[in-house]
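Worksheet: one structure, shown below.
What you see is a predicted model; the values in this text were computed from it and never measured. In the text below, chain A, chain B and the rest are named by the order of the sequence lines, each starting its count at 1.
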Amino acid sequence: QKEVEQDPGPLSVPEGAIVSLNCTYSNSAFQYFMWYRQYSRKGPELLMYTYSSGNKEDGRFTAQVDKSSKYISLFIRDSQPSDSATYLCAMKGNTPLVFGKGTRLSVIA
Amino acid sequence: DAGITQSPRHKVTETGTPVTLRCHQTENHRYMYWYRQDPGHGLRLIHYSYGVKDTDKGEVSDGYSVSRSKTEDFLLTLESATSSQTSVYFCAISEFGQQGANTGELFFGEGSRLTVL
């Protein structure tokens, strides 16, 4: 079993939709949970991070962590064409970052 | 944007030839990394550096070597390129090391697209 599993998509939604992106993991030592966004032909950039369990909100983006289920989510409200990108989850404990494979999202105007 | 420059941005080469990719940073960060990104595999760590002349292997280090003679430069060398090394290579830097109680936030360059024929 891979440490981090992420559905690669692609996911295509209409503008204004609520998007849910998810990852599962197996290592209970993970404490830091991050979402990176990668535009086409660019490097990934950190979008949000959460420490331990709970929710974190930043504008239209909400990150959720459920450590009991080993499941993390990123919600995008009122999605925009500019949100079209690949979203990679990443997580760590006192160990190097482990990345999911990324989910490609397309928001259609 | 973090000051990270990768060169070359695109390269086509033939099997068996040596290739060197360069990463240059202006942030004075101690930690530097080389990743490769492939469809179906995501980002995989090749090598990383935790200081000048201090390097270590990642999960896919076979066929690659690295060198860091200055804080700002981290070189990735393919001694004899193979078609399986066709990939997009990303350099990343971080202020804090990955082995610690921190997010390990990485700042990535724009990537170097390598094709080995």
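Taking chain A as the reference chain and counting heavy-atom pairs below 4.5 Å, the highest number among Gly40(B), Pro39(B), Gly109(B) is found for Gly40(B). Residue with the most contacts toward chain B among Pro44(A), Ala90(A), Gly43(A), Gly102(A): Pro44(A) (heavy-atom pairs, distance under 4.5 Å).
Residues Val60(B) and Leu114(B) are members of one and the same hydrophobic cluster, defined by side-chain heavy-atom contacts under 4.5 angstrom among Ile, Leu, Val, Met, Phe, Trp and Tyr. Grouping the Ile, Leu, Val, Met, Phe, Trp and Tyr side chains by contacts below 4.5 angstrom, directly or via other members, places Leu43(B) with Leu46(A). By the rule that hydrophobic residues join a cluster once side-chain heavy atoms approach within less than 4.5 Å of another member, Phe75(A) and Met34(A) end up as members of separate clusters. Both Val19(A) and Leu47(A) are members of a single hydrophobic cluster when ILVMFWY side chains are connected at heavy-atom separations under 4.5 Å. Put simply, Val65(A) and Phe61(A) are part of the same group of oily side chains (I, L, V, M, F, W, Y) that touch within less than 4.5 Å, one to the next.
Residues forming a salt bridge (charged side-chain N to carboxylate O under 4.0 Å, His left out) with Lys70(B) (at least two apart in sequence, or on another chain): Asp73(B). Checked against side-chain contact (heavy atoms from CB on, under 4.5 Å), Ser67(B) has the following partners two or more places apart in sequence or in another chain: Leu75(B).
Looking at Pro96(A), the atoms closer than 4.5 Å to chain B (heavy atoms on both sides) sit in the backbone and in the side chain alike. Both the backbone and the side chain of Leu106(B) come within contact range of chain A, judged by heavy atoms closer than 4.5 Å.
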Can you pull every donor-acceptor pair closer than 3.5 Å across chain B and chain A?
unit_1    : atom_1 : unit_2    : atom_2 : d
Gln37(B)  : OE1    : Gln38(A)  : NE2    : 3.0
Gln37(B)  : NE2    : Gln38(A)  : OE1    : 2.9
Gly40(B)  : O      : Lys101(A) : NZ     : 3.0
Gln98(B)  : O      : Lys92(A)  : NZ     : 3.1
Gln98(B)  : OE1    : Leu97(A)  : N      : 2.8
Gly100(B) : O      : Lys92(A)  : NZ     : 2.7
Ala101(B) : N      : Asn94(A)  : OD1    : 3.3
Ala101(B) : O      : Tyr32(A)  : OH     : 3.1
Asn102(B) : N      : Tyr32(A)  : OH     : 3.4
Asn102(B) : O      : Lys92(A)  : NZ     : 2.9
Leu106(B) : N      : Tyr36(A)  : OH     : 3.0
Glu110(B) : OE2    : Lys42(A)  : NZ     : 3.3

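Each disulfide bond (SG atoms under 2.5 Å apart) pair with one or both residues in residues 57-109 of chain B, not counting sequence neighbours, appears once here: Cys23(B)-Cys91(B).
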